[in-house]
Structure formats: structure tokens, C-alpha cells
Q: 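Below is a structure I'd like to ask you about.
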2 protein chains.
Amino acid sequence: MARRATKEHSSTDDLDARKATILEAVVNEHVDTAQPVGSSSVASNADVVVSPATVRSEMVALERDGYLAQPHTSAGRVPTDKGYRYFVDHLKSGVLGSAQQRQVNEFFAHVRGEVEDVLEQTSLLLTKMTSYTSVVVGAGHSTSTVLSVQLVNLDARHQLLVTVFSDGAVVKHSIMSGFDVSPVDVAEASRQLNALLIGTTLDARVQVPSRTDHVATLVRDAVSVLHAEQPTAEGEQVFIGGSSKVAEVFDGVDTVRKVLGILEQELLVVSLVQDILNQGLSVAIGAEHGYEPLSSCAVIVAPVTIDNMPAGAVGLLGPTRMKYREAMAAAQVVSQHLTRHFAGEEERG
Amino acid sequence: MARRATKEHSSTDDLDARKATILEAVVNEHVDTAQPVGSSSVASNADVVVSPATVRSEMVALERDGYLAQPHTSAGRVPTDKGYRYFVDHLKSGVLGSAQQRQVNEFFAHVRGEVEDVLEQTSLLLTKMTSYTSVVVGAGHSTSTVLSVQLVNLDARHQLLVTVFSDGAVVKHSIMSGFDVSPVDVAEASRQLNALLIGTTLDARVQVPSRTDHVATLVRDAVSVLHAEQPTAEGEQVFIGGSSKVAEVFDGVDTVRKVLGILEQELLVVSLVQDILNQGLSVAIGAEHGYEPLSSCAVIVAPVTIDNMPAGAVGLLGPTRMKYREAMAAAQVVSQHLTRHFAGEEERG
DNA sequence: CGTTGGCACTCGGTAGAATTGACTGCTAAC
DNA sequence: GTTAGCAGTCAATTCTACCGAGTGCCAACG
């Protein structure tokens with residue numbers, strides 16, 4: 001970090017205390033009112049002890065350095081993405097309101113059920129807390145091993161392969177055979193599949209029988225259909241809560257359309273969240289994530305871990321003009337609770 | 001195709017040929033332009049052979065009888081819900097464009113995979129074809145019987161109950177035991193569960209062992225957690241495609257918000273579709289379905305059957321000002337293809 | 001020197017008046 | 001019964017004037 005030697009020029013990454021205070025005031029005010037904010041309303045802020053005139057001259061500096069922008073000549077200032085970035089980076093981590101804290105505790109004290117259900121509920125919790133659209137991503141089971149495989153006869157030529165993974169995931173695949181399969185064959189195939197696959201991961205290569213009898217064919221079909229799973233999607237699950245909030249939080253119908261269009265593409269949402277996490281960020285503002293249609297959005301993410309391994313993430317999506325402090329606190333607290341929840345489940349049990 | 005037995009309005013439910021032609025012209029024009037349509041543009045329609053003045057006098061009659069409405073005194077006419085209803089009831093079933101027909105054929109020639117995946121893809125197909133939001137509902141497995149139950153050890157105190165139903169559905173439930181369970185116990189419980197549950201439906205009462213040993217407890221827990229499934233949701237699956245179309249097709253942001261809010265509540269969507277089907281309708285216009293927030297929408301539904309049993313439905317949701325002919329044709333064709341697809345799967349296999 | 005009050009200026013937003021034009025309903029003639 | 005013509009209505013548009021929020025600049029002040 002460069003020191004604050006010159007107060008002019010060169011966008012050093014640090015602002016002197018007064019500029020920082022003013023920037024913060026502008027952000028807070030603008031988030032509240034959605035309006036450009038002028039020098040006098042900044043000066044009336046309790047933390048700012050100088051006159052509007054001084055504020056004005058500081059503001060031209062902030063604008064020159066790219067932290068603020070002016071919609072038009074005789075309007076107040078609006079924070080730029082860079083301005084928000086500074087604000088967020090220098091935010092002392094907020095604390096949740098006690099009511100919200102209670103809401104979260106209450107929620108995690110009572111959730112039950114399958115992982116998927118918990119994640120979905122969590123997503124709803126997050127939107128209810130923040131009024132922003134939330135995204136919860138559950139990690140795929142690419143690294144987990146097969147616990148059990150079972151072949152079930154739907155009818156003579158139609159079987160269902162049910163695979164259980166060590167992370168509790170269950171996937172099914174239907175298999176159509178070109179010949180009638182007897183229950184005995186199915187049972188035998190099931191037995192062989194178990195012997196073959198238990199303990200392996202999906203990308204492990206296994207030795208399939210090369211014979212041409214019914215059972216061997218079934219086994220081969222089952223293995224291939226199961227391994228075909230891999231490339232499609234890595235099995236990540238995405239739960240999006242409160243898409244309708246998008247329409248409440250953005251004003252332009254076209255923005256709403258663009259954002260919803262993105263949210264519909266779940267794979268894209270996964271990579272968005274993944275990208276942000278990979279960049280080590282907890283917030284991506286405006287164009288930082290590189291998804292153009294979301295350039296008027298900010299995305300907050302917080303990782304969820306199981307046994308210190310990344311196991312997903314929770315996220316919030318709002319306008320760049322969003323209540324970062326509250327939203328970040330919510331995301332963080334919920335992600336921690338979620339992490340603890342899954343750890344707790346392991347431990348109990 | 002026309003149904004609607006109730007005819008007890010002050011005016012007869014049938015219009016003379018000229019009024020019908022004029023109404024149709026108004027609907028077509030309004031659907032195209034989204035603007036109130038005036039007498040002269042109606043008169044210039046090829047099917048209308050009278051002068052604007054005559055059209056005007058017919059229009060006052062149509063307005064008196066509730067088929068048209070005037071936004072304000074010096075504006076053209078707009079169809080009312082009743083007007084759309086008449087239009088739809090007297091629509092000769094449209095034919096799909098050849099390009100679209102090809103698209104559908106192509107699609108159903110190549111879809112593969114699990115029922116859920118097919119339904120989801122179908123939903124995307126429908127939105128792509130029509131540019132409206134689509135809803136595909138897959139029937140729940142409340143009537144199907146248990147084909148197989150399996151208990152899998154996640155760890156000593158943590159089991160997973162995997163149940164396969166005759167319709168190919170697979171559901172899982174985790175079970176936490178208050179004691180360590182040996183693999184032998186799990187296998188035995190699994191065996192007992194199979195004996196107990198195979199062939200039953202979810203609402204059947206079964207005789208559970210009353211002993212207090214580990215295996216019996218496991219069995220009891222498993223049965224109760226499985227039967228607890230029932231009340232929550234009947235297992236219907238809903239696939240909604242193109243929610244973002246909502247933002248394209250409606251103009252008011254508040255309408256968008258309301259409609260999205262409804263779409264988020266999947267249970268509500270299921271009952272909406274169910275209600276409309278129960279009323280025997282294929283289209284619900286405006287307030288006909290009784291869901292107030294959707295009063296500016298029209299919903300088109302077409303049933304999907306398996307073995308002549310209702311097995312779900314496909315639907316399209318758009319503004320009352322929607323292209324009924326095309327949309328209805330699309331819904332119908334797709335539902336038929338879907339019905340045939342599932343029938344075909346049974347047959348092959 | 002930095003800070004401040006004062007002042008002229010800019011420009012978006014709004015309110016009202018005038019205008020337009022797309023309709024209508026009515027009526028009298030065909 | 002149909003039509004042409006005409007007067008009337010009213011939303012939408014345009015224009016104008018004006019207001020006021022907010023700026024940049026500057027001179028004065030500690």
C-alpha cells in the first residue's frame with residue numbers, strides 16, 4: 001500500500017481521512033436515497049466537520065481520482081464502482097441486528113432434512129433477511145466415492161440404476177436393454193456393480209466384463225451411463241431464492257430482464273460464484289466479475305466448507321447501490337452457520 | 001375445441017357474424033400493436049367489408065355487451081377478458097409453423113435421459129418456441145407403488161433410506177440413529193423394509209415391528225420418515241422456463257414483480273395449473289383462475305397423460321394480450337408429443 | 001495555507017398552456 | 001341499414017417559463 005504522500009493525482013489506493021469520510025458519507029446517503037448527493041447534505045453528516053465548500057473541493061478531487069461521478073453538471077455526486085470498492089474494502093465488518101441474529105439462530109436450530117432441502121431453505125432465509133436475490137451453491141460430488149449401487153427392474157427391458165455417494169447424494173439413471181432381463185440377472189448385475197464400483201470415484205476407470213451375456217451387458221451399460229454423468233454438469237446444485245426481488249431492486253425493465261436472463265442459466269451462475277471465490281473476493285462490484293449483463297450488480301459471496309474443504313457457497317445479488325454492511329454480515333453469518341451445521345451433522349449421527 | 005357451457009349473460013353468448021369478425025379484428029390488431037384499436041383500422045381489415053361508421057356502431061354494441069372497453073373517451077377499443085374469451089372459444093385450432101413443427105420433432109427425436117430432465121428440457125423448448133414463460137408439471141408419485149427400498153450406511157449413526165417407486169422416482173431420506181448401527185443391522189433392516197413396503201403406496205398403513213432392538217427401531221424410523229413425506233408436497237415437480245420473459249412481456253415493473261412472486265411459489269403454480277385443468281379449461285384469461293396477482297395474465301394448459309391417466313401438464317403464461325393461436329398450438333403439440341414420448345418409452349424398453 | 005461564505009452559473013425537472021391528432025358519437029342523406 | 005360528414009373529446013406532445021439543487025470560482029478570513 002502506498003503511503004498517502006500526495007493528496008493530488010495518481011490514484012494511490014489510499015485516501016486521506018477526510019476524503020474517506022466524505023466518500024463514506026456519499027455512499028451511505030446514495031444507498032439510502034438512490035439520488036445523487038450534494039455537498040451540503042454531506043456536510044450536514046455528523047462525521048463531516050467541514051463546510052460544504054470544503055466538501056465540494058474534496059469532491060472534485062474524488063471525482064478526478066475516479067471514486068465519484070457526476071450524472072450531469074448541476075447534480076450531486078454518485079459513487080463509481082471504484083468508490084464502492086474503496087468503501088467495501090475499508091468497511092469494518094458489520095454486525096447483524098439482534099432480530100436478524102435471532103432469525104438465523106432460530107432457523108438453524110430447527111432445520112432438518114436432506115442437504116438439498118437445507119440449502120434451498122437457506123436460500124430463502126437469506127432473501128428474507130436481506131431482500132436481495134440469493135444464490136446457494138452446493139458442491140458437486142465429483143470427489144466423493146460410491147457407497148452403493150443398485151439396479152432395479154422397472155419392467156423386463158427397463159432398469160433403473162440408483163447410485164449412492166459418500167456425501168449422501170443419490171443419482172438415478174435409466175437403462176433400456178435390448179433384451180428381456182430376469183430379476184435374477186438384475187440381482188447378479190447389481191452384485192457385480194457393487195463389487196466393481198464401491199469406493200471408486202466417478203472418474204476412476206474400472207475393469208468391466210467383456211463377455212456378451214445379459215448380465216455382463218447390463219453391467220457394462222450401467223457403468224457407462226454412470227460415467228457419462230461426469231462431463232455434463234459436475235453435479236453442483238444451485239438454489240436461487242427471491243428472483244422476484246430483482247424486479248423490486250432495479251428500476252429499468254431492461255436491467256431486470258438481463259439479470260433474470262443470467263439467473264436462468266444455472267451453470268453460468270455457478271461459474272460466476274466460483275470465479276469470484278477464486279479471485280479471493282467476497283464482493284464483486286459492477287464489472288469486476290466480468291459478466292457484462294451484471295455490470296450494474298454487486299455480488300457478495302461467502303464460502304461454505306466441510307472439513308475445511310470448499311463445499312459450496314452462499315451469495316447475494318443486488319444493485320451496486322446495495323447495503324453492503326448488512327448484506328455482507330448476513331452472507332457471512334449464514335455461511336458460518338451452514339458450515340457449522342454440516343460439521344455438526346457429521347459429529348452427531 | 002370450444003367449450004364453455006355457461007351462457008346466462010344478459011346478452012347471448014353468440015355474436016352475429018359481423019360482430020364476431022370485428023371482435024376478431026380488434027383482438028388481432030391489439031395483440032400485435034398493444035394499442036387501442038380504432039374503427040378505421042378495423043374497417044381496413046380485409047375481412048371487414050363495411051365502413052368505419054358501421055364498425056363504430058357495432059363497437060358500441062360490443063362494448064355494451066362487455067366484449068370491448070375504451071380506455072378513455074377518444075381512444076380506440078381494447079378487448080376485455082370476455083372479449084378474449086369469445087375469441088379463444090371460437091378459434092379454429094391453429095397449426096404450428098413448419099419451422100416450429102420441425103423444432104418440436106427434432107427435439108423429441110433426440111431427447112434422452114431421466115423424466116425430470118426431459119420435462120425440464122421441454123419447458124425450455126416451449127419458451128423458446130413461444131417467447132412466453134412456460135410451466136411443466138410432472139405428476140407426483142402418490143399413486144405409484146414402492147419397487148425397492150434400501151438402507152445405506154453413511155456412517156455408524158447416520159443412514160440413508162433410498163426408495164424407488166414404480167414410476168421411476170427415487171427419493172432419499174436421511175436417518176440419524178441414537179446408537180451405533182452395524183452393517184449387519186442395516187442389511188437386515190433393509191431386508192425387512194423391502195418385505196414390508198414393496199408394492200405398497202405411500203399412504204398405505206403397514207405393520208411395523210414393535211420390538212425395541214436396533215433393527216426394529218431402524219425399520220420404524222425408516223417407515224415413519226418415508227410416510228412423513230406425504231403431507232409436505234405430493235411430489236409434483238415443477239419446471240419453469242423463461243421467467244425472464246416475464247420482464248419482456250409485461251411493461252409495468254410492479255406487474256413483473258407480482259408475477260415473479262407467484263412463480264416463485266411452486267406449490268401455488270401447481271394448484272393453479274391443477275385448478276384450470278379441473279375446470280376443464282385449456283385457457284384461463286384474466287381473473288378466470290381466481291389468482292388476483294395474475295389478473296393481467298392468460299394461462300394456457302394442456303394435459304399430459306400416461307396410459308390415459310393424467311400425468312402432468314404443460315403450460316404457458318403470458319399477458320392476456322397474447323398470441324393465443326400460436327401459443328395454444330404449441331402447448332397442444334408439445335403435450336401430445338410428450339404423452340407419446342412417455343408411452344413410447346413404456347412400449348420400447 | 002487551508003477553510004469558508006458568497007455569488008454567478010448551469011441544467012435537469014416540473015408545471016401550465018397551447019397544440020395536435022386520433023378517436024368518437026351523432027345526424028342527415030343515400 | 002349503411003354511410004359520409006362533422007363537431008366534440010381527451011390523451012399525448014410540445015413549448016415555455018421557471019424553479020432550485022448543486023456546482024465552480026473567488027475573495028476574504030483565521
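Values below: every heavy atom of this structure, side chains too, minus hydrogens, waters and symmetry copies. So you know, we letter chains A, B, ... as the sequences are listed, proteins then strands, and number each from 1.
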Q: Scan B:Ala53 against the nucleic acid and name what it touches under 4.0 Å (heavy atoms): base, sugar-phosphate only, or nothing.
A: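 If one applies the 4.0 Å heavy-atom cut-off, B:Ala53 turns out to touch a base.
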
Q: Relative to each other, are the rings of A:His30 and A:Tyr84 parallel, tilted or perpendicular (30° and 60° limits)?
A: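 It falls in the tilted class, 30° to 60°.
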
Q: Establish, with yes or no, whether the OP1 or OP2 oxygen of C:dT4 is under 4.0 angstrom from a side-chain nitrogen or oxygen of A:Ser51.
A: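 Indeed, a polar side-chain atom of A:Ser51 lies that close.
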
Q: Given the structure, check if the side chain of B:Ser74 and the base of C:dC23 hold any donor-acceptor pair shorter than 3.5 Å.
A: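 Side chain to base: no pair present.
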
Q: Can you find a donor-acceptor N/O pair under 3.5 angstrom joining the side chain of B:Arg56 to the base of D:dG5?
A: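 Yes, a donor-acceptor pair under 3.5 Å.
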
Q: Whole-Å distance between D:dG22 P and A:Glu58 CD?
A: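 About 19 Å, once rounded to whole Å.
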
Q: What integer distance in Å separates A:Asp16:CG from C:dT3:C1'?
A: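 So the CG-C1' distance, A:Asp16 to C:dT3, works out to 15 Å.
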
Q: So B:Thr54 and B:Ser51, side chain to side chain donor-acceptor pair (under 3.5 Å) or not? Walk me through it.
A: CA-CA 5 Å; B:Thr54 311; B:Ser51 76; 3.3 Å; yes

Q: Are any of the side-chain nitrogens in A:Asp81 or A:Arg85 under 4.0 Å away from the carboxylate oxygens of its partner?
A: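 Salt bridge between A:Asp81 and A:Arg85, a charged N being under 4.0 Å from a carboxylate O: no.
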
Q: Please pick, from C:dG5, C:dT24, D:dT9, the nucleotide with the shortest atom-to-atom distance to any side-chain atom of B:Thr73.
A: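 Closest nucleotide among those given: D:dT9.
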
Q: So which of A:Ile22, A:Thr21, A:Leu23, A:Leu15 actually passes side chain to side chain contact (heavy atoms under 4.5 Å, CB included) with A:Lys19?
A: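 By the side chain to side chain contact (heavy atoms under 4.5 Å, CB included) criterion, A:Lys19 pairs with just one of A:Ile22, A:Thr21, A:Leu23, A:Leu15: A:Leu15.
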
Q: Is the distance from OP1 or OP2 of D:dT23 to the nearest side-chain N or O of A:Ser39 less than 4.0 Å?
A: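 Yes, within the criterion.
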
Q: With respect to the phosphate group of D:dT23, does any side-chain polar atom (N or O) of A:Arg77 fall under 4.0 Å of OP1 or OP2?
A: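 Yes, such a contact exists.
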
Q: Among D:dT23, C:dT24, D:dT3, which is the nearest nucleotide to the side chain of B:Val50?
A: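 Closest nucleotide to the B:Val50 side chain: D:dT3.
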
Q: Considering every strand and a 4.0 Å limit on heavy-atom distances, what is the contact class for A:Thr54: base, sugar-phosphate, or nothing?
A: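 If one applies the 4.0 Å heavy-atom cut-off, A:Thr54 turns out to touch a base.
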
